[in-house]
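Numbering of ligands and ligand atoms starts at 1, following listing order. These figures come from a predicted structure and were not determined experimentally.
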Amino acid sequence: MLSKPIGLLGGTFDPIHIGHLRPAIEAQQALSLAEIRLIPNHIPPHRANPRCSSEQRLAMVRLAATENPGFVVDERELAKNSPSYTIETLMALREELPDTPLCFLMGMDSLLGLSGWHRWQELLDYAHLVVSCRPGWQPDYPAPVTELLAHHQTRDAEALHLRLAGHIWLADNLPIDLSATALRNLLAKGQDPRYLLPASVAHYIDQQGLYRTDAKIPLASPA
Ligand code: ATP
C-alpha cells in the first residue's frame, strides 16, 4: 500500500510569488497531495546586480509556507554549496520516502526545456511530472517532449496515487502571467507588489530593502 503522493516544487524563488503558489495549491487540491515541499535552489552569487542572499530567499519561502497549510520547506539544495541537479534531489527523496509517490511540479516553460536537464530521461523513474500552464509558453512541444508525453501522459489523477513515479499530468490551472523577473522589475521601480505575493513576503522585502535600485534618474543637464 503506497502513501499519499507529495508535491515537490523547486525554484530560485527570488522572490516566491503567486505564479509559484497558486498552481501548487491547485495541484495539492486536484491531486489530493499530502504535502507540498518547496525546495529553494542554490544559485551562485551574482556579482553584477545586488540581489538577495540564499538566507533571504529561504526566509521568504518559509514565510510563504507558514501561510499555506500542508506546505513545508526542504533546505537540502541550499545546504550544499553548489547547484544540485534535480535528478540527484529526486534520488535522495526516493531513498528517504520509498513508499511515497513523488509529484515534481513545474511550469510549462520547464517542460518545454526538459531535454536540456541533466539525465532528463531518468526523472520519470523517480517522480511523476505535474505541469502547470504558464502564459507565454504554448504547449508547442519539441520532439523529445512529444515522445515523452506519448508514453507517460495520463489524464487520470488517481493514477498518480497508484504508482511511485512515471506519469505526466498536465494541470488545468488558472494561468498566472507573473515571473520573479517581472516582480523584481516592479519592485526596483518602487511599485506596490500587493497581491502578487504573500503579504508577509512583501513586508519582509520592504523591511530588508530588497530588490531596490539605488540608481537615481539623472537630471537633465542645463541647456
Ligand atoms: P525568474 O523570472 O527569476 O526566472 P520564475 O518566476 O520563472 O523566476 P522560478 O523560481 O525560476 O520562477 O520557477 C520555479 C518553478 O515555478 C518553475 O518550474 C517555473 O516553471 C514555475 N513557475 C514560475 N512562475 C510560474 C507561473 N507564473 N505559472 C506557472 N509556473 C510558474
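For ligand 1, one of its N or O atoms has an N or O atom of Gly107 under 3.5 Å away. In terms of polar-atom proximity, Asp177 is not counted as a contact of ligand 1, lacking any N or O under 3.5 Å from an N or O of the ligand. When only interatomic distances are considered, the shortest N/O to N/O separation between Gly10 and ligand 1 does not fall below 3.5 Å. Checked against a 3.5 angstrom limit, the closest N/O atoms of Ile176 and ligand 1 fall inside it. Checked by distance only, ligand 1 and Phe13 come closer than 3.5 Å through their nitrogen or oxygen atoms.
At a 4.0 Å cut-off, not a single heavy atom of Asp14 sits close enough to ligand 1 to count as contact. Note on ligand 1: Arg22 sits outside its first shell, no heavy atom being nearer than 4.0 Å.
Listed by number with element, the atoms of ligand 1 under 4.0 Å from a non-hydrogen atom of Met106 are 18 (O). Here is the list of ligand 1 atoms found below 4.0 Å of a heavy atom in Ser179: 2 (O), 6 (O). Here is the list of ligand 1 atoms found below 4.0 Å of a heavy atom in Leu178: 24 (N), 26 (C), 27 (N). Shown in contact with Gly11 at under 4.0 Å from a heavy atom are these atoms of ligand 1, numbered in order with element: 10 (O), 14 (C).
Arg212 places a side-chain N or O within donor-acceptor distance of the main-chain N or O of Asp206, the cut-off being under 3.5 Å.
Separation of the His128 and His167 ring centroids falls under the 6.0 Å cut-off.
Using a 4.0 Å cut-off between charged nitrogen and carboxylate oxygen, Asp99 and Lys4 do not count as a salt-bridge pair. Salt bridge Arg57/Glu55: absent, no basic N to carboxylate O contact under 4.0 Å. With salt bridges taken as basic N to acidic carboxylate O contacts below 4.0 Å, none links Glu88 and Arg76.
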Could you walk me through whether Arg94 and Glu96 pass the salt bridge (Lys or Arg N to Asp or Glu O under 4.0 Å) test, one step at a time?
CA-CA 5 Å; Arg94 170 56 60 230; Glu96 290 165 29; over 6 Å; no

Check step by step if salt bridge (Lys or Arg N to Asp or Glu O under 4.0 Å) holds for Arg155 and Asp172.
CA-CA 11 Å; Arg155 291 184 169 79; Asp172 184 21; over 6 Å; no

Hey, mind stepping through Arg62 and Glu75 against salt bridge (Lys or Arg N to Asp or Glu O under 4.0 Å) and telling me if it holds?
CA-CA 10 Å; Arg62 282 197 185 129; Glu75 299 177 27; 2.7 Å; yes

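In terms of protein heavy-atom proximity, atom 3 (O) of ligand 1 is nearest to Arg184 NH1, 3.1 Å. The closest protein non-hydrogen atom to atom 22 (N) of ligand 1 is Arg134 NH1, 3.7 Å. Ranking protein heavy atoms by distance to atom 10 (O) of ligand 1, first place goes to Thr12 N, 2.9 Å. Regarding atom 20 (O) of ligand 1, its nearest protein heavy-atom neighbour is Asp109 OD1, 2.6 Å. Residue, atom and distance of the protein heavy atom nearest to atom 17 (C) of ligand 1 are Ser110 OG, 3.6 Å. Closest to atom 8 (O) of ligand 1 among all protein heavy atoms lies Ala180 CB, 3.5 Å. Scanning all protein heavy atoms for the shortest distance to atom 31 (C) of ligand 1 gives Gly19 O, 3.5 Å. From the protein, the heavy atom lying nearest to atom 16 (O) of ligand 1 is His20 CD2, 3.3 Å.
At a threshold of 4.5 Å between non-hydrogen side-chain atoms, the residues Arg134 and Ser110 do not count as touching. Using a 4.5 Å heavy-atom threshold, the side chains of Leu186 and Leu196 count as touching. Side-chain atoms of Asp74 and Leu93, non-hydrogen and from C-beta on, do get closer than 4.5 Å to each other.
Ring planes of Trp117 and Phe104: perpendicular class, angle over 60° (limits at 30 and 60°).
The number of heavy atoms from other shown groups lying within 6.0 Å of NE2 (His203) does not exceed 12.
At a heavy-atom cutoff of 4.0 Å, ligand 1 is contacted by no atom of Met108, backbone or side chain. Only the backbone of Cys133 comes within 4.0 Å of ligand 1, counting heavy atoms alone; no side-chain atom from C-beta on gets that close. Residue contacts with ligand 1, taken as heavy atom pairs separated by less than 4.0 Å, involve Thr181 via backbone and side-chain atoms alike.
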